[in-house]
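Chain letters run A, B, ... following the sequence lines, proteins first, then strands; residues in each count from 1. Keep in mind that this is a model prediction, so the values were computed, not measured.
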Number of protein chains: 2
Amino acid sequence: MNDIKQFLRSNALRPTKQRIVIAGYLFDGTDKHVTAESLSTELTKRKHIISLATVYNTLHDFYENGLLKKLTLSADRVYFDTNTDDHHHFYSEKEQFLIDINKNIKVNGLPKTPKNKKINKIEVIVHLDK
Amino acid sequence: MNDIKQFLRSNALRPTKQRIVIAGYLFDGTDKHVTAESLSTELTKRKHIISLATVYNTLHDFYENGLLKKLTLSADRVYFDTNTDDHHHFYSEKEQFLIDINKNIKVNGLPKTPKNKKINKIEVIVHLDK
DNA sequence: TATCAGTTTAGAATGATTCTAAAGTATTGA
DNA sequence: TCAATACTTTAGAATCATTCTAAACTGATA
């Protein structure tokens, strides 16, 4: 609890009740993939009434501060990943199936980066169904 | 024109005026990346009045028949690619910048595919900015 | 503890996409 | 060639994730 406050403060985030609850859930040591909706549902299940707007705000605040990774898996919702290490994913849209690939994947044969641009990140998505 | 009709028919698509116009534009020999919106704008520019609903329907019909690839680049719109070969992309969300990587990219070090699943496609997105 | 900047929130707004159902059109067989 | 049928197109409404608004609230600071 105080570690969480400290953790939030050290990331320039005021430790509000809501952020403490959400951070406590997200950063409990196990990697998680959440959407605003799934997180909201989980919080409700745990009797934490936090508005959906705040869930969105908090996910973005955490993301902006590098505490979450944003995943581009399908066009109909945004996923956030508590594992911020460089890694990739197996994904099944149909089954909402999503697992980390932590192995060191190597992408070989990339052409030159376009002029005056630099690579921010390389995302590999292994789609398991259409 | 008749080739286009033939082309549509051979893909089990009735060659309607709208589909002929859209196919004529999309499959003119140059690779294209479009969204429903961008395609609609382009058609309007060419004095072809086709409803947005039809643009969506047609993109999906073409996609369902394997004439287009669907790209998962950002969560706020769907991109379609006339290049249906196995290939990847450089992408800048900020600048709406999108180019094909046709070189043979190799992804090495993939772990075992999850039990009872099979890989549909591997998508590599090289993000050029956040 | 008062002040103030940063937060939360309900509800409205937005924007891409899908749905509905009515009107239009390609296809088919006689 | 034509009528019957099935497939398409369309405007406008509906949906749904997400963002916005602006008013109430709260953590930090002095």
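One can place CZ of B:Arg77 at 14 Å from P of C:dT18, the figure rounded to the nearest angstrom. Here D:dT19 presents its C1' atom at 14 Å from CD of A:Glu64, a figure rounded to the nearest Å. The CD1-C1' distance, from A:Ile50 to D:dT26, rounds to 15 Å in whole Å. Across the protein-nucleic acid pair, A:Phe62 atom CZ and C:dT8 atom C1' stand 14 Å apart, rounded to whole Å. Distance, B:Leu39 CG to C:dA16 C1': 15 Å, rounded to whole Å. For B:Leu52 and C:dC19, the CG to P distance is 14 Å, given to the nearest whole Å. Spacing between atom CD of A:Glu93 and atom P of D:dA17 amounts to 13 Å, rounded to whole angstrom units. Residue B:Leu8 contributes atom CG, which lies 14 Å from atom C1' of D:dC7 at whole-angstrom precision.
Regarding contacts with the backbone of C:dT7, a side-chain N or O of A:Arg19 is found under 4.0 angstrom from either OP1 or OP2. OP1 or OP2 of D:dT10 lies within a sub-4.0 Å distance of a side-chain N or O belonging to B:Gln18. Checking the phosphate oxygens (OP1, OP2) of D:dT9, no side-chain nitrogen or oxygen of B:Thr54 falls inside 4.0 Å. Taking side-chain N and O atoms only, A:Tyr56 has a distance below 4.0 Å to OP1 or OP2 of D:dT18.
For B:Ala53, the listed nucleotide lying nearest its side chain is D:dT10; candidates were C:dT8, D:dT9, D:dT10. Each of D:dT18, D:dT9, C:dT9 was ranked by its minimum atom distance to the side chain of A:Asn57; first place goes to C:dT9. Of all nucleotides listed (C:dT18, D:dT19, D:dT10), C:dT18 comes nearest to the side chain of B:His60.
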Item to complete: With side-chain contact (heavy atoms from CB on, under 4.5 Å) as the test, would you mind laying out the steps for B:Leu68 and B:Thr82 before giving the verdict?
Response: CA-CA 5 Å; B:Leu68 293 173; B:Thr82 59; 3.8 Å; yes
Worksheet item: Would A:Phe80 and A:Phe62 count as a ring pair (Phe, Tyr, Trp, His ring centres under 6.0 Å) if you check the C-alpha gap in whole Å, the side-chain angles of each, and the deciding distance to 0.1 Å?
Response: CA-CA 10 Å; A:Phe80 290 93; A:Phe62 288 3; 9.7 Å; no
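More than 12 non-hydrogen atoms from other residues, nucleotides or ligands lie less than 6.0 angstrom from NZ of A:Lys117. Atom NZ of A:Lys69 has more than 12 heavy atoms from other residues, nucleotides or ligands within 6.0 Å.
Here CD1 of A:Ile22 is found 10.0 Å from CZ of A:Phe27. Values are rounded to the nearest 0.5 Å.
No hydrogens or angles considered: nothing links the side chains of B:Thr72 and B:Lys70 as a donor-acceptor pair under 3.5 Å.
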Discussion item. Strictly under 4.0 angstrom, non-hydrogen atoms only: write out the protein contact profile of nucleotides 21-30 of chain C, one letter per nucleotide from the 5' end, B, S or -.
Written reply: -----BS---
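Of the listed residues (B:Asn83, B:Asp86, B:Asp31), just one forms a side chain to side chain donor-acceptor pair (under 3.5 Å) with B:Asn102, and that residue is B:Asn83.
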